[in-house]
Protein chains: 2
Amino acid sequence: MEAMNDNSTLYDLAMNLESSHSQVIPITMFIAVLCLCLVIGHLLEEYRWVNESITAILIGCVAGTIILCTSKWKSSRLLTFNEELFFIYLLPPIIFNAGFQVKKKQFFHNLFPIMLFGVAGVFISTSIVAAGSWWLFPKLGFEGLTISDYLSIGTIFSSTDTVCTLQVLNQDETPLLYSLVFGEGVVNDATSVVLFNAVQKMNADTLNGQTALRIFVDFLYLFSMSTILGVTAGLVTAFILKGLYFGRHSSVREIALMVLVAYLSYMLAELFELSGILTVFFAGVLMSHYSWHNVTESSRITTRYAFATLSFIAETFIFLYVGMDALDYAKWKTSTISFGTKMGIYCTVMLLILLGRAVFVFPLSVITNYMYRSGGESAKITGQHQMVIWWAGLMRGAVSVALAFKQAFFCNISVLFCNSHFTHSGVTLDPTNATMITTTIVIVLFSTVVFGFLTKPLIDHLLPPNSNTTRVSRDPGPKEDMTLPLMSLEESASENLSRAKDNLSMLMDRPVYTIHSYWRRFDTAYMRPIFGGPSENDNDASC
Amino acid sequence: MEAMNDNSTLYDLAMNLESSHSQVIPITMFIAVLCLCLVIGHLLEEYRWVNESITAILIGCVAGTIILCTSKWKSSRLLTFNEELFFIYLLPPIIFNAGFQVKKKQFFHNLFPIMLFGVAGVFISTSIVAAGSWWLFPKLGFEGLTISDYLSIGTIFSSTDTVCTLQVLNQDETPLLYSLVFGEGVVNDATSVVLFNAVQKMNADTLNGQTALRIFVDFLYLFSMSTILGVTAGLVTAFILKGLYFGRHSSVREIALMVLVAYLSYMLAELFELSGILTVFFAGVLMSHYSWHNVTESSRITTRYAFATLSFIAETFIFLYVGMDALDYAKWKTSTISFGTKMGIYCTVMLLILLGRAVFVFPLSVITNYMYRSGGESAKITGQHQMVIWWAGLMRGAVSVALAFKQAFFCNISVLFCNSHFTHSGVTLDPTNATMITTTIVIVLFSTVVFGFLTKPLIDHLLPPNSNTTRVSRDPGPKEDMTLPLMSLEESASENLSRAKDNLSMLMDRPVYTIHSYWRRFDTAYMRPIFGGPSENDNDASC
């Protein structure tokens, strides 16, 4: 301290203050740009085809240009992309909110097609994109990728971003379509991250049946364990809130408990190397199904809007970042590939995405229609619907970018021998990885801006507003016998057996409705008394 | 990538994964402990004297002990204290919420005593503690501190933490007392941070009249500029929300805008080296006075509870941390001072805090009573009230700890020649600074646990519940002539002059009421039409 007046020490002090300010300046500017996004997004709200994502990306590009000019072509970014920032802070609120806000009745009713599109679809799309790039990239002169890299490319470009489409679709006019697109979007996010992690764990250079099986088993393990963890977190919260009646003392503590347990489940999943995204999604679903009904009225309103706000800010943040990052000069320079090859790669990937999605959407829709054949005309996924679903999943978003950075990070640490400054400096030194990241950014930008822009006209063309109003919510099938007990101890064994036979034949005939009706009876009889939930009266309103 | 199977590379990969996990593990555990705090805090709610702060500190101590044992006496902390984490992420929500939730009518009505206690009080208390420690520390054998250090000690131990007291006081039974304690707490937080920064800027070794004047001028500049920035941020938000009618499209965007502008104002203040704490406090006050009335009903409920929740989590986080940090073995070892001297220092500081507060509370109460002499008996700060106010400000909390770390950081960078790893490693190498930090932690622990524990019995003794009910809200004084225009262009100059004379005599006679009534008329006539606000009818309910 005696040295306080020493010149060199003062210089150090100044240096240190400057470096502490170097964090304050970008955060300040980023928040200022976020505020600008909010206001402009609001002003453009009238024009439904210019949605939040496009606004944020374009503002990001403009801000990037300004920064690029003022920094004399050095950098276009305020914050370097840190995949930890994304996976630890930005993604959880988005996914938790998705689970929390999903219309559970519709979601569980359409669970079968949603899982089919969201899980099987990702597998099919990944195979197509991986195989296509493995076949075509070397022909374009882009070589040096391993099998694991191609599979990563497959998963990176199979994660959809349905924010655009959801802003255009109307939940009341086309409930089936909305729930399919929304549900697929959520499950797809989770599946692609889980699959990506499974692929990353694989360290074989060739892909044979055994490796594929191992990836699949890994995937199943991750999927089921993550779901169990999320469900447990949701149930524990519901039990605590109901058992201890938190609302008696303060709403604040209720809200804090929900947020913290949800985040805890995400972090626990990450700790056990499971899929935090899936865990926090199911935690959200369970919390809104049980916990939400155990809290005070103010807490209900607050959680609904506060979670949506957090998610909204995180999403805008990501798109803004992508827009800024697109102009990052250093990244474009690092990539050693010629302009023609680059264009070739972008077009190839774009075509593979279009193809990969078409290959699963149309056949899987046919399967779904077969399964729901007893649901009548209104339950069918029509040709127009199939087109919309196909189009809805063409946009690529934040998850793709995050996975691309993660991939580059994984490759870099193996090449650069644990260069811990990688994520801080944000420079992708490897030309191949630089190409990967620029490709991802170009695809995200192009698909969000161009495809997103065309979504509104396309939907208006395929589903003219006047015809939509006739489509009502999917018929929930024949009325279930809600008084039918799940299993009765008072009846004789033979009666139970004959009932079991009836149920089995019903299960074969209308599998989805039967499972759903069983679940609802089980929920009402056993779950709700323990974990809380809506009373039967306001069942329809709350689901 | 070809090297993926290489052993050394895999080792690096493992290392890196571990280092990335080294962040996941502490966050996970910290959140788990936070959840535990919530549940235990709820269960202990019945016993009002065991408040949230005490619970969090004690749980922190227990968790610290467990970590200390499992880590084999290496560390008791999950996260190292980063003053940036505190000042950039934890403090803003707490202060913003304080501004947002403050009962503005009471606050502005008692603005004079609040400012007197919160600003003049800090100056007096700082002088007493600084002078006392300058006089007594060398006698105890603790030397090597500069004048600037003593002044820093003064400000560190002048920042109060009134969370404890507010949990015990009843807003309806003793509105005057509650508003004084709460208001002082907020202004005190801001003042001590501002004063601390002013002292840090000073780099003279001796304290003379000129230096003291410079500190005071610096303080005035920081105080006024910060206030202006906060007020501007609040007005801009109100104007945007009213002018563009955000609620038309989405509640989410309204809430996001309020949060982001508030945070932006804080960061801007930090960027311009003003007091972010004061800025964000006034942004909160203005937002709840104007903006809050321009948003939809759901946004109102959400903001009220969401901000409170954020603040609650941040506060619990800090107390939990203080509890854990108390057991940090390394810090206690670094301090080279003998046990006796340490005890001497703790007792001295404790006594100085008691004295420093007594010296300003009682005389300033007398001044306040003189100023409010026309308010009748109910407006008087009685002897019992003075005792409660004195006691309420004896607890030391998060701000003290943060300032102590900041002080250590400032000294360290001047001694250690810009050791940028300081805040990351969290080790305070300088023995003097280690002593400073341990002293602060001991004082915070002792005052929060012991004084906090005694607050409830003391208040019960001084203000028996049955006598409280007779005390009503401070009489708002004679009815103001709300129809009286602020300045009339239609009247003659002489009439205006005579009115000005009347006003002036009124100002001399009842200064506080007159200013307050002027402000209310100005607010109704000019501000509310532009920035929005409650209509006259629901004025009393909303303030």
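We name chains A, B, ... by the order of the sequence lines, and we start the count at 1 in each one.
Annotation for B:Y305: atom OH does not count as buried by contact number, only 12 or fewer foreign heavy atoms lying within 6.0 Å.
To the nearest 0.5 Å, the span separating CE on B:M29 from CG on A:L268 amounts to 11.0 Å. Here the CD1-OH distance, from A:I31 to B:Y266, works out to 11.5 Å after rounding to the nearest 0.5 Å. Here A:M258 contributes atom CE and B:L38 contributes atom CG; the two are 13.0 Å apart, rounded to the nearest 0.5 Å.
When each of B:L260, B:V261, B:L264 is paired with A:L34, the side chain to side chain contact (heavy atoms under 4.5 Å, CB included) condition holds for B:L260 and for no other. Of the candidates A:L257, A:I255, A:T303, B:T309 forms a side chain to side chain contact (heavy atoms under 4.5 Å, CB included) with just one, namely A:I255.
The two residues B:T302 and A:A306 come nearest to each other via the heavy atoms CG2-N, 3.6 Å. Here the closest non-hydrogen pair linking A:R253 and B:H42 is NH1-CA, 3.6 Å.
With a threshold of 4.5 angstrom between heavy atoms, B:I301 approaches chain A through its backbone and through its side chain.
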